[in-house]
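Below is one structure, written out as structure tokens; the observations come after it.
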Amino acid sequence: MLFRRVLTGLAGLLLAAGALSTATGPASAEPRTAAPAAADPAAPGPFAVGYSDLTVSASGRSFSARVWYPATTAGAGTPVADGSHPALAFGHGFFQDVSKYATTLQQYASWGFIAVAPKSQGGLFPSHSAFADDLNAALAWITAQNTAAGSRFNGRVDTARLGLSGHSMGGGAALLAASRNPAVRSVSTLAAAETNPSAVTASAAIAAPVQYVAGSQDTIAPPAGNQQKMYAAKPAATQLRTITGGFHCGFTDSSGFGCDSGGITRAAQLQLTRGVTTAWFLYTLTGDTGMYDRVWGSAAQNDPAVAFQAKP
């Protein structure tokens, strides 16, 4: 179906992940400071959000990236908030700028996560395998920053709590990256698309818990041919959360030519996405047991807006 989309609309190709071009408790470490049990993970968190555009150099790789992080005050280059913060690497969709995911990554930063978004592999012929390596290099880089003299992140990174995320091609690449990196503790993907090498095959080799988030009306990376197969391949712990009426482009902050649409608004889909994925990362990376019900419990299982499948 993705191939037919490419033939009928360029933007289908651009967003579709380039795939055609070639539940349990929290992590075992002691919990970091947990958010209050009544906190709404769909709402902004307690931190101001800073950001920086920089060059990542690690693991023999070098590329531009934007980093969003919990800050003392909002804005570009502001100081990182006190404390030791988990880190995520996020993969953009095919031919998509990382700015398309600003609201979601700002959300993670507001809840205390450092989010590194590589700008690499942005052309018409990306390498999915190289993108996975870039995501792992981003995690290696932010880990090294914790002890780098003069870095704003010196002493501010919880190097034992690393996660991966991404949309479409970037979601598939995140799964490839997780299958190669035993340091990864948690993964959450948005409309992950099949890649070359296969993200479905990679899912079977991931030890960390993985959450697959899908849109029921996605016509670019439909759940049946993509996220459902990945979820089926992944051993426990894993879950598939399907947003009713959700669409592929609904995971981005704006659409381009040829984008699909769904039965709900983009604003509604992004709000649901932020709630589902923030709760996941708070539970699996920070040990916030107050998020259990929203991740594995009755609140998750009985949400009329987001269908629930799980292998605890």
Side-chain angles (χ1 to χ4, degrees), residues 45 47-71 75-81 83-93 96-122 126 130-148 150-178 180-181 183-190 208 252-253 277-278 280-281 284-286:
F47 292 98
V49 176
Y51 69 92
S52 180
D53 292 306
L54 42 75
T55 298
V56 168
S57 293
S59 306
R61 312 188 72 79
S62 184
F63 47 84
S64 297
R66 172 164 284 196
V67 183
W68 284 270
Y69 55 88
T78 56
V80 182
S84 186
H85 307 289
L88 309 171
F90 183 90
H92 61 77
Q96 297 303 297
D97 190 86
V98 298
S99 63
K100 289 273 192 176
Y101 307 97
T103 60
T104 296
L105 298 181
Q106 289 166 359
Q107 168 80 359
Y108 298 158
S110 79
W111 281 97
F113 298 95
I114 300 168
V116 186
K119 298 180 181 181
S120 60
Q121 304 301 322
F131 200 20
D133 289 342
D134 290 345
L135 292 172
N136 278 333
L139 292 179
W141 174 82
I142 194 62
T143 296
Q145 294 301 296
N146 191 55
T147 54
S151 171
R152 67 167 48 90
F153 300 106
N154 187 292
R156 295 289 183 260
V157 185
D158 189 337
T159 60
R161 300 177 189 273
L162 303 177
L164 286 162
S165 186
H167 172 239
S168 197
M169 173 186 80
L175 297 169
L176 296 177
R180 301 172 182 178
N181 190 349
V184 170
R185 300 283 295 278
S186 181
V187 183
S188 177
T189 61
L190 312 177
T252 63
D253 289 345
T277 60
T278 302
W280 173 265
F281 282 129
T284 58
L285 281 185
T286 76

Heavy-atom pair with the smallest gap, counting every atom of P86 and G112: CD-O, 3.6 Å
Which atoms form the tightest heavy-atom contact between D253 and S99, and what is the distance? OD2-O, 3.8 Å
Sorted by chain and residue number, the salt bridge (charged side-chain N to carboxylate O under 4.0 Å, His left out) partners of R66 (sequence neighbours excluded) come out as D53
Donor-acceptor pair between T159 and N146 side chains, under 3.5 angstrom: no
Partner set under side-chain contact (heavy atoms from CB on, under 4.5 Å) for A48, not counting sequence neighbours: A74
Closest approach of S151 and Q145, non-hydrogen atoms and distance? OG-OE1, 2.7 Å
Aromatic plane relationship, F90 with Y101 - under 30° parallel, 30 to 60° tilted, over 60° perpendicular: tilted
Evaluate side-chain contact (heavy atoms from CB on, under 4.5 Å) for R161 paired with H85, printing each intermediate quantity in order. CA-CA 8 Å; R161 300 177 189 273; H85 307 289; over 6 Å; no
For the pair Y69 and I142, evaluate side-chain contact (heavy atoms from CB on, under 4.5 Å) and give the outcome as yes or no after the intermediate values. CA-CA 11 Å; Y69 55 88; I142 194 62; over 6 Å; no
Distance from W68 atom CH2 to T103 atom OG1, nearest 0.5 Å? 9.5 Å
According to side-chain contact (heavy atoms from CB on, under 4.5 Å), who are the partners of T189, at least two apart in sequence or on a separate chain? A174, L175, V187, A192, Y212
Report yes if the side chains of W141 and F153 come closer than 4.5 Å at any heavy-atom pair, otherwise no. yes
Testing the basics here: between A173 and F131, what is the closest heavy-atom pair and its distance to 0.1 Å? CB-CD2, 3.8 Å
